[in-house]
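For reference, the structure discussed in these notes is given below.
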Amino acid sequence: SGDQPSRTTLPFTTGSDWILEYHLDCQSIGNQGQLIVTTEHAGSDAADSAGPSLDITSFKTWGTRSVAGDPGTHVLSVDSECYWRIGIYK
């Protein structure tokens, strides 16, 4: 989680199916903000095309994205001007 403009998560390993849960809260800036999340293969800058990506503009929202058939070690690149939280469920 964080309120830093750009951040890469620590690597995490999943089985074939997993869920990304996201929360976005822009109350601190008093306006809508954007949450951009890209999944990458750990140890490289290569995008993980089977992993979830988000591009959401909202004042406050949350949700989940289910992933199927994408086992391995991943990192998430997160960009937002608002408070955000990401959870991974295996």
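All values below come from the heavy atoms of this structure, side chains included, with hydrogens, waters and symmetry mates left out.
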Quiz prompt | Counterpart residues, side-chain contact (heavy atoms from CB on, under 4.5 Å), relative to Val67 (two or more places apart) | solution =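 Partners of Val67 by the side-chain contact (heavy atoms from CB on, under 4.5 Å) criterion, ordered by chain and then number, come out as Trp18, Pro52, Asp70.
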Quiz item: Taking only residues two or more places apart in sequence, or in another chain, which ones meet Thr73 in a side-chain contact (heavy atoms from CB on, under 4.5 Å)?
Solution: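 With neighbours one apart ignored, the set is Pro11, Thr13, Ala42.
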Measuring from [X]:[atom1] to [Y]:[atom2], what's the distance to the nearest 0.5 Å?
X: His74; Y: Glu40; atom1: NE2; atom2: CD; value: 12.0 Å
X: Tyr22; Y: Leu35; atom1: OH; atom2: CG; value: 8.5 Å
X: His23; Y: Tyr83; atom1: NE2; atom2: OH; value: 8.5 Å
X: Arg7; Y: Asp79; atom1: CZ; atom2: CG; value: 13.0 Å

Quiz item: Tell me the disulfide (SG to SG under 2.5 Å) pairs involving residues 32-68, sequence neighbours left out?
Solution: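 Those involving residues 32-68 do not exist here.
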Quiz item: Looking only at heavy atoms, which two atoms of Leu24 and Cys82 are closest? And how far apart?
Solution: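 What the structure gives for the nearest pair is CD1-CB, 3.7 Å.
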Quiz item: How close do Ala50 and Gly69 get, heavy atom to heavy atom, and via which atoms?
Solution: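 Between these two residues, the closest heavy atoms are CB-O, 4.5 Å.
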Quiz item: Among Ile19, Leu20, Thr9, which one satisfies side chain to side chain contact (heavy atoms under 4.5 Å, CB included) with Ile88?
Solution: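 With Ile88 as partner, Ile19, Leu20, Thr9 yield a single side chain to side chain contact (heavy atoms under 4.5 Å, CB included), made by Leu20.
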Could you pull out all donor-acceptor pairs under 3.5 Å where a side-chain atom in residues 57-66 meets a protein atom, sequence neighbours excluded?
unit_1, atom_1, unit_2, atom_2, d
Ser58, OG, Lys60, N, 3.3
Ser58, OG, Lys60, O, 3.4
Arg65, NH1, Ser53, O, 3.3

Quiz item: Got a sec, which pairs hit side-chain hydrogen bond (donor to acceptor under 3.5 Å, both in side chains) with one end in residues 28-39, sequence neighbours left out?
Solution: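 Those involving residues 28-39 are Gln34-Asp55.
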Quiz item: Going through the checks in order, is the side chain to side chain contact (heavy atoms under 4.5 Å, CB included) test met by Val78 and Trp84?
Solution: CA-CA 9 Å; Val78 182; Trp84 55 270; 3.6 Å; yes
Self-check item: Transitive ILVMFWY cluster of Val75, excluding itself - 4.5 Å side-chain cut-off
Solution: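 Direct or chained contacts put Val75 with none.
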